[in-house]
Amino acid sequence: MNRVLITSAIPYINGIKHLGNLVGSQLPADLYARYNRGRGREVMFICATDEHGTPAELAAAKAGKPVDEFCSEMHEVQADIANRFRLSFDNFGRSSSVQNRKLTQHFAGKLADNGYIEEVSEKQVYSNADGRFLPDRYIEGECPNCGYDGARGDQCENCTKQLDPTDLINPRSAISGSTDLEVRETKHLYLRQSKLKDALDAWIDTKADWPVLTTSIAKKWLHDGDGLQDRGITRDLKWGVPVKRGDADWPGMEGKVFYVWFDAPIEYIAATAELADEKGEGSAFWERWWRTDKGAEDVRYVQFMGKDNVPFHTLSFPATIMGSKEPWKLVDYIKSFNYLNYDGGQFSTSKGRGIFMDQALEILPSDYWRWWLLSHAPENSDSEFTWENFQVSVNKDLSDVLGNFVSRVTKFCRSKFSEDVPAGGEYGEVEAALIADITAKVRAYESHMEAMDVRKSAQELRGIWVAGNEYLQAAAPWTVYKTDPDQAAAQIRLALNLIRLYAVLSAPFIPDASKVMLEAMGTTDDSWPDDVPAALGLLKEGHAFTVPENVFAKISDEDREGWQERFAGIRD
RNA sequence: CGCGGGGUAGAGCAGCGGUAGCUCACCAGCCUCAUAAGCUGGAGGUCGCGGGUUCAAAUCCCGCCCCCGCAACCA
């Protein structure tokens with residue numbers, strides 16, 4: 001496994017994402033990408049903005065901009081924030097790209113050729129005032145069940161009864177409020193997933209190592225009720241990939257576009273192709289990641305996503321690939337996450353509740369957020385963000401355990417010796433014990449990272465930091481120095497090497513701090529410690545270093561209280 | 001009987017057949033190099049409730065209660 005393809009669920013374009021979105025896909029994907037690069041593997045890490053669909057059109061209209069312009073701007077905003085969170089995408093693409101348009105049309109054509117597309121006539125609500133068909137959720141009216149007036153066409157929020165838009169009493173457009181609605185006949189393409197049910201089922205059965213969350217959601221959709229249902233993959237919209245059968249027009253489908261959920265996962269492939277084009281490379285550049293007949297058979301493909309995305313990645317997208325009967329790369333492992341809650345409730349994009357990525361970076365550097373979010377990733381159940389927990393965890397782990405270690409070692413050396421790695425003395429039993437301990441812990445850390453056990457990895461890494469403090473306590477160079485300065489020099493030499501080791505191991509979690517630590521140690525050698533004893537002898541006597549200013553400043557009670565108040569309400 | 005996830009020390013979590021663990025908070029001690037940081041030890045749990053299987057159950061089975069999410073064209 002020397003080549004790893006990593007994709008993060010692609011964030012929707014209509015706004016800045018909150019920390020719950022971040023921790024469920026992009027951030028753990030970045031952790032894994034950085035780790036694999038650190039191990040010397042070839043990595044392709046792909047993300048993009050998901051730009052099509054009704055919500056994008058409405059958000060653009062609200063902003064008073066043409067939808068393509070709106071998406072371009074929002075893409076730049078999201079790309080900038082991702083960059084500032086140090087999300088190390090090889091490409092952050094756009095689902096509205098030419099490459100995606102072509103691939104999406106190509107897949108649809110192949111699916112049709114192979115008998116996996118069906119044309120279905122159906123009735124949908126059309127709003128004359130809005131000049132468009134309305135998705136169920138954009139129709140409001142009085143609930144026939146409980147009388148609640150704000151019921152939506154898909155479900156009544158008040159009594160939770162599932163509805164059909166035609167059930168509503170006095171229906172109106174949620175967009176304009178117009179009651180000038182009519183039911184119109186319209187023709188759409190359906191992906192015949194039901195024909196692939198057995199193949200999908202058998203495929204999922206081979207994935208015994210996947211998280212329960214992933215397989216249980218997939219199984220539920222496969223077996224619940226009438227089993228896997230066919231799915232409409234076209235819409236009566238303007239903004240999207242025009243429906244075509246490969247390069248050819250699709251009679252009867254004029255003016256329609258593919259449904260976002262059809263083209264969004266294909267963007268994973270397209271974004272890699274976008275990168276090839278940007279680099280002026282040919283198709284071989286991206287096909288070796290995506291075509292098993294063109295070099296991708298030895299690629300390990302891992303996807304990261306929140307639980308709400310699982311059905312599309314375990315069923316719809318694989319159905320698209322299988323149905324094409326072409327040798328596209330299927331996912332090897334799906335890492336899914338539960339939800340992160342905010343202070344007793346859900347983060348909510350639509351309600352503006354919680355902390356959004358841009359706001360987070362306004363108040364603290366990305367490493368603080370990365371550490372907390374990853375070390376509390378909602379892997380086994382939903383988890384919760386509270387300001388108290390955030391303050392305590394970050395202060396303890398980053399400032400006290402790691403930052404202070406760097407500080408005490410470098411400052412001691414500067415005051416007793418100099419800002420060079422001191423010469424003299426030899427490693428003894430205590431040092432041998434430490435090296436053995438660190439070696440075991442590094443191996444454990446690696447195996448947790450390989451397994452994508454995010455919280456366990458964070459715990460193990462913290463344990464490695466703690467081991468340094470334990471060593472200092474046991475060795476007590478400040479005491480040894482009084483009687484045997486050479487021995488103290490050897491101890492500090494080891495401790496300085498620990499700082500470099502910590503920088504390398506910690507980089508996937510806290511890349512900026514790692515960089516600061518490496519720079520302070522005056523080295524650019526960030527090679528992975530396959531040989532821990534050797535790695536701990538890398539900085540030799542006389543090697544110059546500097547004392548970094550507080551690697552992690554603490555979060556004060558005043559800060560925390562201020563933020564708590566600032567983020568208690570709803571974003572404007 | 002809709003489906004799934006979860007209910008383990010004050011808080012947040014791990015363990016998932018063999019004498020109940022981790023982090024934080026709390027108490028005591030040690031160190032004094034360091035970001036009032038570090039290290040060691042301690043107190044604290046009838047592992048949601050009730051049955052059952054077993055030499056042995058937090059861990060397997062049955063029933064019940066509670067919390068969260070999902071319930072397919074909203075991404």
Check your understanding: Which base, if any, makes a Watson-Crick or G-U wobble pair with B:U53, both distances under 3.5 Å?
Key -> none

Check your understanding: Which residue lies toward the 5' end of RNA chain B, A:E470 or A:R408, if each is placed at its nearest nucleotide?
Key -> A:R408

Practice item. Select one nucleotide: of B:C39, B:U35, B:G15, the one nearest the side-chain heavy atoms of A:N469. Key: B:C39

**Study point:** Trace of the side chain to side chain contact (heavy atoms under 4.5 Å, CB included) decision for A:K411 with A:R414
**Key:** CA-CA 5 Å; A:K411 286 183 178 170; A:R414 179 173 67 183; 4.0 Å; yes

Review point. If the C1' atom of B:C55 is compared with that of B:G15, how far apart are they to the nearest Å?
Key: 23 Å

Check your understanding: Which part of the nucleic acid does A:K307 contact within heavy-atom distance under 4.0 Å: base, sugar-phosphate only, or nothing?
Key -> sugar-phosphate

Point to revise | Nucleotide of B:A34, B:G12, B:C74 approaching A:Y259 most closely (side-chain heavy atoms) | key: B:C74

Exercise for review: Please tell me which of the listed nucleotides, B:G69, B:C73, B:A75, lies nearest to the side chain of A:V260?
Suggested key: B:A75

Study note, to complete from the structure: In Watson-Crick or G-U wobble terms, with both distances under 3.5 Å, the base opposite B:G45 is none

Practice item. Could you let me know what B:C33 is paired to, Watson-Crick or G-U wobble, both distances under 3.5 Å, or none if it's on its own? Key: none

**Study point:** Residue matched to B:U40 through Watson-Crick or wobble contacts both under 3.5 angstrom
**Key:** B:A28

Review point. For A:Y445, is the NZ or CZ atom of A:K441 found under 6.0 angstrom from the centre of its six-membered ring and inside 45 degrees of the ring axis?
Key: no

Practice item. Evaluate side chain to side chain contact (heavy atoms under 4.5 Å, CB included) for A:F552 paired with A:D367, printing each intermediate quantity in order. Key: CA-CA 9 Å; A:F552 289 104; A:D367 280 353; 4.0 Å; yes

Practice item. Output, in order, the C-alpha distance, side-chain angles, deciding distance and verdict of side chain to side chain contact (heavy atoms under 4.5 Å, CB included) for A:L31 and A:M449. Key: CA-CA 9 Å; A:L31 178 81; A:M449 287 293 254; 3.9 Å; yes

Study note, to complete from the structure: Each nucleotide of nucleotides 23-31 of chain B classed B (base within 4.0 Å of a protein heavy atom), S (only sugar-phosphate) or -, in 5' to 3' order, makes SS------S

Review point. Touch check for A:D50, heavy atoms < 4.0 angstrom, all strands: base, sugar-phosphate only, or nothing?
Key: sugar-phosphate

Practice item. Consider the side chain of A:Y190, meaning its heavy atoms from C-beta on, and name the nucleotide among B:C73, B:G15, B:U35 that approaches it most closely. Key: B:C73

Check your understanding: When the C1' atoms of B:C62 and B:U54 are considered, how many whole Å apart are they?
Key -> 16 Å

Review point. Between B:G38, B:A75, B:U35, which nucleotide has the shortest distance from any of its atoms to the side chain of A:N550?
Key: B:U35

